[in-house]
Amino acid sequence: MSLNGLNFYSYLSKVRILKTYSSKIMLVAFLGTHVPLITLLLFFVISTIQDLQTAFKILGIALAATLTGTAATLLALRKLLAPVMLTSKSLNRYLSEREIPNLPTVFRDEAGSLMADTVTTVRKLDELIHYMTNYDGLSGLPNRDLFLERLGSSLHELSMREEILSFPVLSLEATHLKQIRSNFGVHMGDLYLRSLVQKLETMLGPETVLARTGDAEFSFFPLPSSSQILETDSEIWAGKIQDITSSPLNVVDQQISSEILIGISVFPYDGKSSDQLLWKSETALNQAKISGTSKIQTYSSEWKERMKEKYLLEKDLRLAISRNQLFIQYQPRIEVQTGKKISAEALLRWNHPEYGVISPTIFIPIAEESGIIGEMGEWVLSKSMEDLGIWKKRGLPPIRISVNLSAKQLEDKNITKKVLDILEKNNLSVEDLELEITESSLITNIQSALEILGELHSWGISLALDDFGTGYSSLSYLSKIPLKTLKVDQSFVRKILTDPNSLAISKTIVALGKSLGLRITAEGVETEVQMRKIKDLGCDEAQGYFLSKPILLEELEVFVQT
């Protein structure tokens, strides 16, 4: 039936006294039976009966009989409308109270079909809503809300027992999901997650509640009836899980793996509510991610205080640029063979009004995690080029400034234009600047980063790869980056005289760089003996405390001129 069929219904709905569907039916039935009958009766009485008393008597009897019959008809109609009215009330109760309709399904006419189909449809709809509300669409696992509900039920069950049992809640994360999606595509990343879920479900079994609580994060706990709850060391259990899930998974003929980290909280020591235990297991997981030393961490109150400090520092760091709290120190770099001072690396520093100068090892990770590293990187580039522009105007000895480019900046499609604009603004040429990147900055989006680096190189800007050998990049990517300089990380240089592995790695990096036609810079040179060693290995340039610590621009001027 088209919408035009609702015209009469729409007209009746405008009559205010007809608030219900049944009242509309009753009015139509009443008028439909009474108007023609009473009209006919009046015509008959007026045309045939001369005695008014007799006429009124006949009209009264007829009208009473008509009203009685109509009342019975309307009552029957009302009863027949019961399926429609009951269905309407049931749907309203479902919308307001989520109560599933309890309607008969045995009748076979249209009204019976309406009731039966309503029951079937609402039950299916309720199942769908329940699934969408409580389950993750990608993995099919319970979501965070359902996980907390089931955890709360298990905690209640435990509280009813006489004996006190420790109860672990674990949060697990596949930390390289972003890189997997960047390298293999979003769809392959989703397939990897599904494969990981299958492995977890097989390993944990039905006695463990497993849920997806984040993009690449899963949380789980043993049911109170599980034998796992009786184990005293949840870290041993976590270690087994970590070992198995870290192994490569076969995803569409690709072997894909990720670093698996796990955080643990334990009832009742770390909390007695589901919210507390999940939050603390995720806090422990975050500790494992930031510390970089252990892949499994248990919650500690000390870490809570550190996270609080980190939050406060992040708030202050967002205001550091506008409040002129950032400044730059420069660490000179010299030619190994001649001792000529050729360049200096611009290093960001933060002078906090309360804590003084804060180590970059503290605030740089915070800046990277919070996303403000891109803004800070642009400030360093702009400020250092401004310093160099003034340097050149004063006719000081020529020097090149090396500036670190963050992973965030490598995601910026306009970074090349920004760099060129800054150089032009300060009357500098591309030879005055070198941009340093790290291996870790490449893994977020390798293809996009390579395109941007290629564009920078095409404009004549020198590129250096820092921390080589400590990140995730493969040799295949090294050959694709248009580098001019390869830097030997200070972690190898500092142990080059005492650790055979560090010496072997340093030799390999130098040989590899030379084979690619690159200049080799050794970082972290702290002693004269180390300086002689890196010279023997064939390094072209060096920087480190043996030559100079990071210094202010005024001190750099003195250093270069002496």
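FYI, the numbering just counts along the sequence from 1. This structure is a prediction, so every number in the text was calculated from the model and none was measured.
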J.: Any side-chain heavy-atom pair from Tyr299 and Ile264 closer than 4.5 angstrom?
T.: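 The answer is no; the side chains never approach within 4.5 Å.
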J.: Go through the steps for Val169 and Leu151 under the test side-chain contact (heavy atoms from CB on, under 4.5 Å), then give the verdict.
T.: CA-CA 9 Å; Val169 176; Leu151 178 56; 4.0 Å; yes
J.: May I ask you to check whether Ser273 and Asp275 show a side-chain donor-acceptor distance below 3.5 Å?
T.: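 Note: Ser273 and Asp275 side chains miss the donor-acceptor criterion.
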J.: For Glu368, what residues pass the salt bridge (Lys or Arg N to Asp or Glu O under 4.0 Å) criterion, not counting sequence neighbours?
T.: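 None.
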J.: Ser294 side chain to Gln297 main-chain N or O, any donor-acceptor pair under 3.5 Å?
T.: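 Side chain of Ser294 to backbone of Gln297, a donor-acceptor pair under 3.5 Å: no, none is there.
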J.: With ring pair (Phe, Tyr, Trp, His ring centres under 6.0 Å) as the test, would you mind laying out the steps for Phe147 and Phe221 before giving the verdict?
T.: CA-CA 9 Å; Phe147 178 81; Phe221 66 89; 5.3 Å; yes
J.: Any side-chain to backbone donor/acceptor pair from Gln530 onto Glu526? Under 3.5 Å, distance only.
T.: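 Yes, the answer is positive, given that a donor and an acceptor are paired below the 3.5 Å cut-off.
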J.: Answer yes or no: is there an ion pair linking Asp432 with Lys392, defined by an N-O contact shorter than 4.0 Å?
T.: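 Judged by the 4.0 Å cut-off on N to carboxylate O distance, Asp432 and Lys392 do form a salt bridge.
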J.: Under a 4.0 Å threshold between the charged nitrogen and the carboxylate oxygen, would Lys418 count as salt-bridged to Glu378?
T.: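 Looking at Lys418 together with Glu378, the answer is yes, because their closest N to O distance falls below 4.0 Å.
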J.: Verify the neighbour count for atom CD of Glu424: are there more than 12 heavy atoms of other residues, nucleotides or ligands below 6.0 Å?
T.: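 Not more than 12 within 6.0 Å, no.
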J.: Nearest 0.5 Å please: distance from the CD1 atom of Ile534 over to the CD1 atom of Ile520.
T.: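 Going from CD1 on Ile534 over to CD1 on Ile520, the span is 11.0 Å.
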J.: Does Asp412 form a salt bridge (charged side-chain N to carboxylate O under 4.0 Å, His left out) with Lys408? I'd like the steps, not just the answer.
T.: CA-CA 7 Å; Asp412 185 357; Lys408 193 73 174 177; over 6 Å; no
J.: Between Glu173 and Thr175, do the side chains contain a donor N or O and an acceptor N or O under 3.5 Å apart?
T.: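 Side-chain D/A pair, Thr175 to Glu173: absent.
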J.: Can Ser448 and Lys413 be counted as having a side-chain donor-acceptor contact under 3.5 angstrom?
T.: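 Yes, a side-chain donor-acceptor pair sits under 3.5 Å.
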J.: What pair of heavy atoms forms the shortest contact from Pro365 to Ile362, and how long is it?
T.: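 Shortest heavy-atom contact: CD-O, 3.5 Å.
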J.: Check for a donor-acceptor pair, side chain of Lys383 on one end and backbone N or O of Leu326 on the other, with a separation under 3.5 Å.
T.: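 No: the side chain of Lys383 does not pair with the backbone of Leu326.
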J.: Which is it for Asp136 and Arg144 under the side-chain contact (heavy atoms from CB on, under 4.5 Å) test, yes or no, and what are the steps along the way?
T.: CA-CA 9 Å; Asp136 171 59; Arg144 189 182 195 87; over 6 Å; no
J.: Should the pair Lys514-Asp540 be classified as a salt bridge under the 4.0 Å nitrogen-to-oxygen rule?
T.: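 Result for this pair is yes, salt bridge flagged.
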J.: Do the side-chain N and O atoms of Ser219 and Thr213 include a donor-acceptor pair separated by under 3.5 angstrom?
T.: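 Indeed, the side chains of Ser219 and Thr213 share at least one donor-acceptor pair under 3.5 Å.
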J.: Would you check, one step at a time, whether the test salt bridge (charged side-chain N to carboxylate O under 4.0 Å, His left out) holds for Asp190 with Arg181?
T.: CA-CA 8 Å; Asp190 291 344; Arg181 285 173 172 163; 3.3 Å; yes
J.: Distance from Glu557 atom CD to Glu555 atom CD, nearest 0.5 Å?
T.: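 Here the interatomic distance stands at 11.0 Å.
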J.: Just do the ring pair (Phe, Tyr, Trp, His ring centres under 6.0 Å) check on Trp350 and His352 with the steps written out, would you?
T.: CA-CA 6 Å; Trp350 179 21; His352 191 280; 5.2 Å; yes
J.: Before you tell me yes or no, could you show the steps for Phe220 and Trp237 under ring pair (Phe, Tyr, Trp, His ring centres under 6.0 Å), namely the whole-Å CA-CA distance, both residues' side-chain angles and the distance that decides it to 0.1 Å?
T.: CA-CA 12 Å; Phe220 51 95; Trp237 189 38; 5.7 Å; yes
J.: Judged by modelled atom types alone, do Gln242 and Ser246 share a side-chain donor-acceptor pair under 3.5 Å?
T.: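 Indeed, the side chains of Gln242 and Ser246 share at least one donor-acceptor pair under 3.5 Å.
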J.: Under a 4.5 Å cut-off applied to non-hydrogen side-chain atoms, are Leu435 and Ile461 in contact?
T.: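 Yes, close enough: below the 4.5 Å cut-off.
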J.: Starting at CD1 of Ile260, measure out to CZ of Phe218 and round the result to the nearest 0.5 Å.
T.: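 If I round to the nearest 0.5 Å, the distance is 8.5 Å.
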J.: To the closest 0.5 Å, what do you measure between CZ (Phe492) and CD1 (Ile505)?
T.: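 Between atom CZ of Phe492 and atom CD1 of Ile505 there are 4.5 Å.
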J.: If only side-chain N and O atoms count, and only distance matters, is there a donor-acceptor pair under 3.5 Å linking Asp387 with Ser384?
T.: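 Looking only at side-chain atoms, Asp387 and Ser384 do not form any donor-acceptor pair under 3.5 Å.
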J.: Write down the atom of Ala238, the atom of Ile262, and the distance for their closest heavy-atom approach.
T.: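 That would be O-CD1, 3.4 Å.
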J.: Do you see a donor-acceptor pair shorter than 3.5 Å between the side chains of Ser247 and Lys199?
T.: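 Looking only at side-chain atoms, Lys199 and Ser247 do form a donor-acceptor pair, the distance falling under 3.5 Å.
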J.: Please confirm whether the backbone N or O of Lys341 pairs with a side-chain atom of Arg333, one donor and one acceptor, at under 3.5 Å?
T.: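 No.
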J.: Salt bridge or not between Lys484 and Glu434? Use side-chain N to carboxylate O under 4.0 Å.
T.: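 Looking at Glu434 together with Lys484, the answer is no, because their closest N to O distance does not fall below 4.0 Å.
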J.: Find out whether Leu433 and Leu428 are in side-chain contact, i.e. whether some heavy atom of one side chain is under 4.5 Å from a heavy atom of the other.
T.: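 A side-chain contact is absent here, since even the closest heavy-atom pair is not under 4.5 Å.
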J.: Are the side chains of Leu200 and Leu172 in contact, using a 4.5 Å heavy-atom criterion?
T.: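 In contact.
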J.: Just by distance, do the side chain of Asn143 and the backbone of Leu146 share a donor-acceptor pair under 3.5 Å?
T.: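 Pair found, side chain donor or acceptor close to backbone of Leu146.
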J.: Evaluate Leu348 against Phe363 for side-chain contact (heavy atoms from CB on, under 4.5 Å), listing each step before the verdict.
T.: CA-CA 10 Å; Leu348 180 62; Phe363 76 81; 3.8 Å; yes
J.: Please check this pair: side chain of Gln409 against backbone of Ser406, looking for a donor-acceptor N/O pair closer than 3.5 Å.
T.: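 Yes.
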J.: For a quick test of reading the model, state the closest non-hydrogen atom pair linking Gly513 to Leu486 and the distance between them.
T.: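 So the minimum-distance heavy-atom pair works out to CA-CD2, 4.0 Å.
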J.: Check this for me: does any side-chain nitrogen of one of Lys535 and Glu335 sit under 4.0 Å from a carboxylate oxygen of the other?
T.: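 Salt bridge absent between Lys535 and Glu335.
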J.: Between Lys417 and Asp421, is the closest basic N to carboxylate O distance under 4.0 Å?
T.: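 Looking at Lys417 together with Asp421, the answer is yes, because their closest N to O distance falls below 4.0 Å.
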J.: Taking C-beta and beyond as the side chain, do Trp379 and Ile328 meet within less than 4.5 Å on heavy atoms?
T.: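 They are in contact (side-chain heavy atoms under 4.5 Å apart), so the answer is yes.
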J.: Just wondering, do Leu537 and Val488 contact through their side chains at under 4.5 Å, heavy atoms?
T.: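 Contact flag for Val488/Leu537 side chains = no.
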J.: Using the side chain to side chain donor-acceptor pair (under 3.5 Å) rule, pick out the option among Glu523, Lys549, Glu345, Gln543 that qualifies with Gln331.
T.: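 Testing each of Glu523, Lys549, Glu345, Gln543 against Gln331, the sole residue satisfying side chain to side chain donor-acceptor pair (under 3.5 Å) is Gln543.
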J.: Using a strict cut-off of less than 4.0 Å between a Lys/Arg side-chain nitrogen and an Asp/Glu carboxylate oxygen, indicate whether Arg212 and Glu217 qualify as a salt bridge.
T.: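 A salt bridge is absent here (no side-chain N lies under 4.0 Å from a carboxylate O).
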J.: Quick one: CD on Glu455 to CG on Leu420, what's the gap to the nearest 0.5 Å?
T.: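 One gets 8.5 Å once the value is rounded to the nearest 0.5 Å.
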J.: Are Thr245 and Leu196 close enough that some pair of their side-chain heavy atoms sits under 4.5 Å apart?
T.: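 A side-chain contact under 4.5 Å exists here.
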J.: Between the side chains of Ser171 and Glu282, does any donor sit under 3.5 Å from an acceptor?
T.: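 Their side chains do not contain a donor-acceptor pair, so the 3.5 Å distance test is not met.
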J.: For the residue pair Glu541 and Thr521, confirm or rule out a side-chain donor-acceptor distance under 3.5 Å.
T.: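 Distance-only check passes for Glu541 and Thr521.
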J.: Find the distance between CG (Leu193) and CG (Leu191) and round it off to the nearest 0.5 Å.
T.: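 Those atoms lie 9.0 Å apart.
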J.: For the residue pair Arg150 and Pro142, establish whether any side-chain heavy-atom pair is separated by less than 4.5 Å.
T.: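 Of all side-chain heavy-atom pairs linking Pro142 with Arg150, at least one is under 4.5 Å.
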J.: Lys178 vs Asp215, test: salt bridge (charged side-chain N to carboxylate O under 4.0 Å, His left out). Steps then yes/no.
T.: CA-CA 10 Å; Lys178 190 174 183 180; Asp215 186 25; over 6 Å; no
J.: Determine, stepwise, if the pair Leu410 / Ile452 fulfils side-chain contact (heavy atoms from CB on, under 4.5 Å).
T.: CA-CA 7 Å; Leu410 280 176; Ile452 290 173; 4.3 Å; yes
